[in-house]
Asker: 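Would you mind keeping the following structure in view while I ask a few things?
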Number of protein chains: 2
Amino acid sequence: MPPVKKTAFTKGGSLSEKKPKAPQASREANLELSPPPPLTAFQLESVALFIHVFGALSLPRSIGEIYGLLFSTQDPLSLDDVQARLQLSRGSASEGLRWLRSLGAVNQVYLAGIRKEHFTAETSLRKLASGYLRDRIAPHLENGPSRLSGLESSIDLASPTAHFEKSRVGQIAGWYKFFGKALPLVKVLAGKF
Amino acid sequence: MPPVKKTAFTKGGSLSEKKPKAPQASREANLELSPPPPLTAFQLESVALFIHVFGALSLPRSIGEIYGLLFSTQDPLSLDDVQARLQLSRGSASEGLRWLRSLGAVNQVYLAGIRKEHFTAETSLRKLASGYLRDRIAPHLENGPSRLSGLESSIDLASPTAHFEKSRVGQIAGWYKFFGKALPLVKVLAGKF
DNA sequence: TAAAATATTCAAAATGTATTGAACATTTCT
DNA sequence: AGAAATGTTCAATACATTTTGAATATTTTA
């Protein structure tokens with residue numbers, strides 16, 4: 001049975017401890033230990049929505065959470081911000097951000113005088129789509145030609161089904177052509193949104 | 001880290017307790033128990049290729065195997081044929097075929113005088129694409145509008161970020177429009193292959 | 001350079017999904 | 001109807017991915 005992902009975002013109860021944030025007194029400690037601002041209703045809705053969307057592509061929940069948080073937050077967030085607000089592990093936050101970055105779904109922002117890297121969500125559909133196509137679809141099409149010729153050369157020409165098999169190979173070749181045309185088209189179309 | 005599926009078709013070492021059951025007297029039984037014809041090179045290549053392709057969509061290996069076998073086989077195959085040739089369990093074969101059928105990727109064939117249902121692969125890209133879009137993509141877009149209005153109503157209008165949040169909602173609305181236009185276009189394009 | 005801050009890695013644990021196979025249900029045949 | 005053949009379901013198990021968090025690596029500051 002094909003995969004189906006759960007979608008509810010229900011980290012509800014877990015609120016941290018620690019005390020309110022005082023302005024930059026003891027270097028880092030205060031920053032690290034101040035409780036993260038709880039998510040707003042808009043952020044919660046947004047996170048839930050993107051868990052759903054990314055889930056439709058069979059991507060892990062943590063990636064949907066991270067993108068949803070950045071999407072719904074105006075200011076750039078650091079890895080620690082993301083980690084604390086979503087209550088993710090450091091590892092998940094790091095990997096998730098790295099993956100989103102490599103796809104181009106998240107932008108790195110350098111803030112003057114602040115060392116931590118900060119991130120914002122990329123919302124241009126063109127960039128999102130082409131990143132996804134580049135990283136997750138194109139790689140499967142690339143070795144297409146070699147696979148196709150492998151398939152073709154596996155045909156036993158003496159067999160009575162050789163003709164049938166050749167037609168199948170032709171079928172697949174047609175599919176590749178389709179993708180060769182459709183993918184660029186999608187990019188162009190996405191550019192308008 | 002995003003999902004990555006193994007792709008090698010390596011049932012080779014299945015040295016399990018495949019007892020070479022003694023040929024039975026019953027005429028029917030002979031059919032069932034006769035060892036399935038081993039896969040041809042073309043079929044093996046094909047199965048491997050479709051495990052890969054379906055894997056790119058995060059679909060289970062068994063589904064790729066089944067489609068690959070049917071794709072590379074001229075004659076219609078029954079559930080038992082599929083099960084025996086791929087060494088799948090009955091359950092997997094049944095569920096996999098059912099799923100492929102519901103998608104429209106596999107056609108049911110009724111053979112005169114033969115009771116078992118038989119199946120062939122559907123190779124029309126238009127049918128494959130629209131089945132996939134209908135079953136796996138469209139459902140996620142359907143509750144889009146309600147999600148969108150949920151998101152919109154979660155905006156705290158008093159907040160200083162309300163304007164930003166409204167623009168995000170607008171962004172998502174644009175994405176939905178894109179899909180509304182792109183999906184039909186894909187179907188049309190796929191019709192030519 | 002040493003210490004602090006930040007970021008990444010990775011083995012183990014937690015979670016989630018696919019597969020199996022025997023029980024159950026259904027249909028067809030005699 | 002009873003028997004045989006065929007098809008489906010589902011609880012248990014096997015397998016795979018994701019998450020965690022402590023250890024490690026890297027960069028920055030003083």
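Chain naming here is simple, since letters A, B, ... match the order of the sequence lines and numbering starts at 1 in each.
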Asker: For D:dT19 and A:Ser89 - does any side-chain N or O of the residue sit under 4.0 Å from the phosphate oxygens OP1/OP2?
Answerer: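 No, because none of the side-chain N or O atoms of A:Ser89 sits under 4.0 Å from OP1 or OP2 of D:dT19.
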
Asker: Closer to the 5' end of DNA chain C via nearest nucleotide, is it B:Ser92 or A:Ser94?
Answerer: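 Looking at DNA chain C, the more 5' nearest nucleotide goes with A:Ser94.
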
Asker: From C-beta outward on B:Arg115, which listed nucleotide comes closest to its side chain: D:dT19, C:dT27, C:dA4?
Answerer: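 Closest nucleotide to the B:Arg115 side chain: C:dT27.
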
Asker: Using 30° and 60° as the class limits, which term best fits the ring planes of A:Phe54 and A:Tyr67: parallel, tilted or perpendicular?
Answerer: tilted

Asker: Would you mind telling me which of C:dT19, C:dA7, D:dG7 lies closest to the side-chain atoms of B:Lys116?
Answerer: D:dG7

Asker: Look only at the side chain of A:Glu95 and the backbone of A:Ser92, and say whether a donor-acceptor pair between them is shorter than 3.5 Å.
Answerer: no

Asker: Under a 3.5 Å threshold, yes or no: a donor from one side chain and an acceptor from the other, between B:Gln171 and A:Thr123?
Answerer: yes

Asker: Expressed in angstrom and rounded to an integer, what is the separation of A:Ile63 atom CD1 from D:dT20 atom C1'?
Answerer: 16 Å

Asker: Measure the distance from NE2 on A:His118 to C1' on C:dT6 and round it to the nearest whole Å.
Answerer: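 Value for this atom pair: 12 Å.
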
Asker: Please state how far atom CD1 in A:Ile66 lies from atom P in C:dA7, giving the value in whole angstrom units.
Answerer: 14 Å

Asker: Is it true that A:Arg90 and A:Asp80 make a salt bridge, defined as a side-chain N closer than 4.0 Å to a carboxylate O?
Answerer: yes

Asker: Ignoring hydrogens and angles, are the base of C:dA7 and the side chain of A:Arg90 linked by a donor-acceptor pair under 3.5 Å?
Answerer: yes

Asker: Expressed in angstrom and rounded to an integer, what is the separation of A:Glu95 atom CD from D:dT17 atom C1'?
Answerer: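 Atom CD in A:Glu95 sits about 12 Å away from atom C1' in D:dT17.
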
Asker: What integer distance in Å separates A:Arg101:CZ from C:dA7:P?
Answerer: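 To the nearest whole Å, that distance equals 9 Å.
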
Asker: Starting at atom OH of B:Tyr110, determine the distance to atom P of C:dT27, rounded to an integer number of angstrom.
Answerer: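 These atoms are roughly 12 Å apart.
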
Asker: Would you mind listing every ring pair (Phe, Tyr, Trp, His ring centres under 6.0 Å) that reaches into residues 114-168 of chain A, with sequence neighbours excluded?
Answerer: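 Ring pair (Phe, Tyr, Trp, His ring centres under 6.0 Å) check on residues 114-168 of chain A returns A:His140-B:His52.
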
Asker: Take the protein atom CD of A:Gln87 and the nucleotide atom C1' of D:dT19, then report the distance between them rounded to whole Å.
Answerer: 14 Å

Asker: Would you mind telling me which of C:dA18, C:dT8, C:dT20 lies closest to the side-chain atoms of B:Leu88?
Answerer: C:dT20

Asker: How close or far is atom P of C:dA18 from atom CZ of B:Arg61, stated in whole angstroms?
Answerer: 13 Å

